[in-house]
Engineer: 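Shown below is the structure under consideration.
What you see below is based on every heavy atom in this structure, not just the backbone, and it leaves out hydrogens, waters and symmetry mates.
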Amino acid sequence: MSFFADKRREVMLHIEKYMLESMGTYLKPIDINWQPSDFLPDSTSETFYQDVRILRDNAKDLSYDLVAVLIGDTITEEALPTYESWLAMVDGHSRDEEGGWMKWVRHWTAEENRHGDLLNKYLYLSGRVDMRQMEISTQYLIADGFDIGTGHDPYRNFIYTSFQELATNVSHRRVASLAKKDGDTLLSRMCGVIASDEARHAKAYKDFMNRIFEVDPNEAMLAFEDMMRKKIVMPAHFLREVGLKIGQTFGHFTDAAQRLGVYTAIDYVEIMQQLIEDWKIEGMRDLNEAGEKARDYIMALPSRLLRVAERMKNPTIDYKFTWIAG
């Protein structure tokens, strides 16, 4: 094993201990956590059919783009088996099922699993969705896997998850606002609680990465630089519909999100700036020459990307998703 692999294993063991101590801060007790049934019509109730009619009536006025984004978000959330297996393959951690990393991954997955479950049931009841087409896309996304550019390096994975949880918080929060504007207060509440989970998870991953910066600042900085050079890709970047190639549908999904302002190029830059501030990148000490160069690149990047983002025009291609009924 190389020196760097040895160092990462040592750091991961340090982080795993901290994870076990922090789980109560960043994950909620299962018995008192919200569940999908808290928001959806109760099938055992005498008013079930009436409640479903109300749900369908409120979903009628959701815009086409909003329904498309909501479906894409749901498929992304339902691809959790891919994310869990990817995180379980991270190098340097203990394989002990009760160890910090494995326990965290299982409990994090269990919390996240509620998101896709809730949104899927809502979409099924809404009457706006061709569920079979959506289910095909979900199966494709899990079967096709993904490559997020992190390899099995724990540092890059923590940087990715920190960024990604912040991005999903933004997306769900904006969908909640747009749903409320379109008169669907139930969907707004659902996306609001999902966004709250994502914010809490983002705090956890940022905290874990902060601990890595404290004990291995140079390698952490190089990992941050590498992920920023590659650009953070979304988990659903392999998204596709029947008859399309891997990733073709994803472009149309992101176009809809950009048009609505659900998640934009400017949001990407703002998340990067938030991570730079949260990890105190500008004032970090004890860096070698490579670490200093990496920090210089990171610090200069947001302003450069912001200039590009501000010149981008909203996509106007009129695309019809197979997912949406009618």
Engineer: With side-chain hydrogen bond (donor to acceptor under 3.5 Å, both in side chains) as the rule and sequence neighbours excluded, what pairs involving residues 176-190 come up?
Structural biologist: Tyr122-Asp184
Engineer: Carefully, step by step, assess Met227 and Met272 under the rule side chain to side chain contact (heavy atoms under 4.5 Å, CB included).
Structural biologist: CA-CA 11 Å; Met227 291 305 296; Met272 190 190 311; over 6 Å; no
Engineer: Show your working on side chain to side chain contact (heavy atoms under 4.5 Å, CB included) between Leu166 and Val170 and close with a plain yes or no.
Structural biologist: CA-CA 6 Å; Leu166 288 170; Val170 169; 5.8 Å; no
Engineer: Return the set of residues passing side-chain hydrogen bond (donor to acceptor under 3.5 Å, both in side chains) with Lys206 (not counting sequence neighbours), or none when no residue passes.
Structural biologist: Asp278
Engineer: Taking the side chain as every heavy atom from C-beta outward, state whether Ile276 and Glu282 have any pair of such atoms under 4.5 Å apart.
Structural biologist: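 They are not in contact (no side-chain heavy atoms under 4.5 Å apart), so the answer is no.
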Engineer: Membership question, hydrophobic clusters at under 4.5 Å side-chain separation (ILVMFWY): are Met209 and Leu222 in the same one?
Structural biologist: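 Each belongs to a different hydrophobic cluster.
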Engineer: Can you see which heavy atom on Pro302 is nearest to which on Met299, and at what distance?
Structural biologist: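 It is CD-O, 3.6 Å.
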Engineer: At what distance, to the nearest 0.5 angstrom, does CD1 of Ile324 lie from CZ of Arg128?
Structural biologist: 7.0 Å
Engineer: I'd like to check the side-chain hydrogen bond (donor to acceptor under 3.5 Å, both in side chains) partners of Tyr155; sequence neighbours left out, ordered by chain and number.
Structural biologist: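 Applying side-chain hydrogen bond (donor to acceptor under 3.5 Å, both in side chains) to Tyr155 gives Asp216.
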Engineer: Which pairs, with at least one residue in residues 130-141 and sequence neighbours excluded, count as a side-chain hydrogen bond (donor to acceptor under 3.5 Å, both in side chains)?
Structural biologist: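 side-chain hydrogen bond (donor to acceptor under 3.5 Å, both in side chains) check on residues 130-141 returns Ser137-Trp323.
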Engineer: Tell me whether Tyr18 at atom OH has more than 12 heavy atoms from other residues, nucleotides or ligands lying less than 6.0 Å away.
Structural biologist: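 Yes, the 6.0 Å shell around OH holds more than 12 heavy atoms from other groups.
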Engineer: May I ask you to decide whether Asp197 forms a salt bridge with Lys28, counting only side-chain N to carboxylate O separations under 4.0 Å?
Structural biologist: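 Salt bridge absent between Asp197 and Lys28.
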Engineer: What I'd like to find out is whether the side chain of Val69 reaches to under 4.5 Å of the side chain of Val175, using heavy atoms alone.
Structural biologist: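 Val69 vs Val175: side chains touch.
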Engineer: Sequence neighbours left out, what pairs pass ring-ring contact (aromatic ring centres under 6.0 Å, His included) with at least one residue falling in residues 279-309?
Structural biologist: Phe213-Trp279, Phe224-Trp279
Engineer: Considering only NZ, NE, NH1 and NH2 on the basic side and carboxylate oxygens on the acidic side, decide whether Arg211 and Asp207 come within less than 4.0 Å.
Structural biologist: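 A salt bridge links Arg211 with Asp207.
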Engineer: Examine the side chains of His14 and Glu214 and answer whether a donor and an acceptor come within less than 3.5 Å of each other.
Structural biologist: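 There is no such pair (donor and acceptor under 3.5 Å, judged by atom type) between the side chains of His14 and Glu214.
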Engineer: Test of understanding: with salt bridge (Lys or Arg N to Asp or Glu O under 4.0 Å), list the residues that count as partners of Lys280, not counting sequence neighbours.
Structural biologist: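 For Lys280, no residue satisfies salt bridge (Lys or Arg N to Asp or Glu O under 4.0 Å) once neighbours in sequence are set aside.
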Engineer: Please list, one pair per line, the donor and acceptor atoms closer than 3.5 Å that link side chains of residues 35-43 to other protein atoms, with sequence neighbours excluded.
Structural biologist:
unit_1: Asp38; atom_1: OD2; unit_2: Gln35; atom_2: N; d: 2.8
unit_1: Asp42; atom_1: OD1; unit_2: Thr44; atom_2: N; d: 3.0
unit_1: Asp42; atom_1: OD1; unit_2: Thr44; atom_2: OG1; d: 2.7
unit_1: Asp42; atom_1: OD2; unit_2: Thr44; atom_2: OG1; d: 3.1

Engineer: Does some side-chain heavy atom of Ile15 sit less than 4.5 Å from a side-chain heavy atom of Met19?
Structural biologist: yes
Engineer: Between Asp153 and Thr150, is any side-chain donor less than 3.5 angstrom from a side-chain acceptor?
Structural biologist: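 Distance-only check fails for Asp153 and Thr150.
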Engineer: Within the structure provided, determine whether Leu70 and Cys191 are in side-chain contact (heavy-atom separation under 4.5 Å).
Structural biologist: yes
Engineer: Is it true that the side chains of His115 and Glu78 contain a donor and an acceptor less than 3.5 Å apart?
Structural biologist: no
Engineer: Count I, L, V, M, F, W, Y as connected when their side-chain heavy atoms are under 4.5 Å apart, and connections chain through other members. Are Met134 and Ile142 then in the same cluster?
Structural biologist: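 In one cluster: no.
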Engineer: Compile the donor-acceptor pairs under 3.5 Å between side chains in residues 239-251 and protein atoms, sequence neighbours left out, one pair per line.
Structural biologist:
unit_1: Arg240; atom_1: NE; unit_2: Asp144; atom_2: OD2; d: 2.8
unit_1: Arg240; atom_1: NH2; unit_2: Asp144; atom_2: OD1; d: 2.9
unit_1: Arg240; atom_1: NH2; unit_2: Asp144; atom_2: OD2; d: 3.1
unit_1: Glu241; atom_1: OE1; unit_2: Thr322; atom_2: N; d: 2.7
unit_1: Glu241; atom_1: OE1; unit_2: Thr322; atom_2: OG1; d: 2.8
unit_1: Glu241; atom_1: OE2; unit_2: Thr249; atom_2: OG1; d: 2.9
unit_1: Glu241; atom_1: OE2; unit_2: Tyr319; atom_2: OH; d: 2.6
unit_1: Gln248; atom_1: OE1; unit_2: Lys245; atom_2: N; d: 2.7
unit_1: Thr249; atom_1: OG1; unit_2: Glu241; atom_2: N; d: 2.9

Engineer: Heavy atoms only: give me the nearest Thr76-Ala236 pair and the separation to one decimal.
Structural biologist: OG1-CB, 3.2 Å
Engineer: Are any non-hydrogen side-chain atoms of Leu260 and Arg174 less than 4.5 angstrom apart?
Structural biologist: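 With C-beta onward as the side chain, the pair stays apart.
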Engineer: Give the cluster check for Val129 versus Tyr124: same hydrophobic cluster or not, with ILVMFWY residues linked at side-chain heavy-atom distances below 4.5 Å.
Structural biologist: yes
Engineer: In terms of side-chain geometry, is the basic nitrogen of Lys230 or Asp226 positioned less than 4.0 Å from the acidic oxygen of its partner?
Structural biologist: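 Yes.
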Engineer: Taking side-chain hydrogen bond (donor to acceptor under 3.5 Å, both in side chains) as the test, write out the residues that go with Gln164, two or more places apart.
Structural biologist: none
Engineer: Is there a path of hydrophobic side-chain contacts, each under 4.5 Å between heavy atoms of I/L/V/M/F/W/Y residues, joining Met190 to Val67?
Structural biologist: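 Val67 and Met190: one cluster.
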Engineer: Is the side chain of Arg285 donor-acceptor paired with the backbone N or O of Gly283 at a distance under 3.5 Å, no angle test?
Structural biologist: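 Yes, the answer is positive, given that a donor and an acceptor are paired below the 3.5 Å cut-off.
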Engineer: What residues, two or more places apart in sequence or in another chain, satisfy side-chain hydrogen bond (donor to acceptor under 3.5 Å, both in side chains) together with Ser45?
Structural biologist: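 Checked Ser45 against side-chain hydrogen bond (donor to acceptor under 3.5 Å, both in side chains); matches are Thr47.
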Engineer: Using side chain to side chain contact (heavy atoms under 4.5 Å, CB included), reason through Lys7 and Glu219 one step at a time and then give a plain yes or no.
Structural biologist: CA-CA 10 Å; Lys7 176 72 172 177; Glu219 285 300 307; 5.7 Å; no
Engineer: Could you pull out all residues at least two apart from Arg229 that satisfy salt bridge (Lys or Arg N to Asp or Glu O under 4.0 Å)?
Structural biologist: Glu225
Engineer: If every non-hydrogen atom of Ala68 is compared with every non-hydrogen atom of Phe321, which pair is closest and at what distance?
Structural biologist: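 For Ala68 versus Phe321, the nearest heavy atoms are CB-CE1, 3.5 Å.
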Engineer: Taking the side chain as C-beta and beyond, is there a heavy-atom pair between Met221 and Glu292 under 4.5 Å?
Structural biologist: no
Engineer: If I compare all heavy atoms of Val269 with all of Leu306, which pair ends up nearest, and what's the gap?
Structural biologist: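 In this case the closest contact between Val269 and Leu306 is CG2-N, 4.0 Å.
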Engineer: Show me the pairs that pass ring-ring contact (aromatic ring centres under 6.0 Å, His included) and involve residues 49-83, at least two apart or across chains.
Structural biologist: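 Every ring-ring contact (aromatic ring centres under 6.0 Å, His included) pair that includes a residue of residues 49-83, provided the two are not neighbours, is Tyr83-Phe146.
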Engineer: Quick check on ring-ring contact (aromatic ring centres under 6.0 Å, His included): which of Trp104, Tyr26, Phe163 does Tyr205 satisfy it with?
Structural biologist: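 By the ring-ring contact (aromatic ring centres under 6.0 Å, His included) criterion, Tyr205 pairs with just one of Trp104, Tyr26, Phe163: Trp104.
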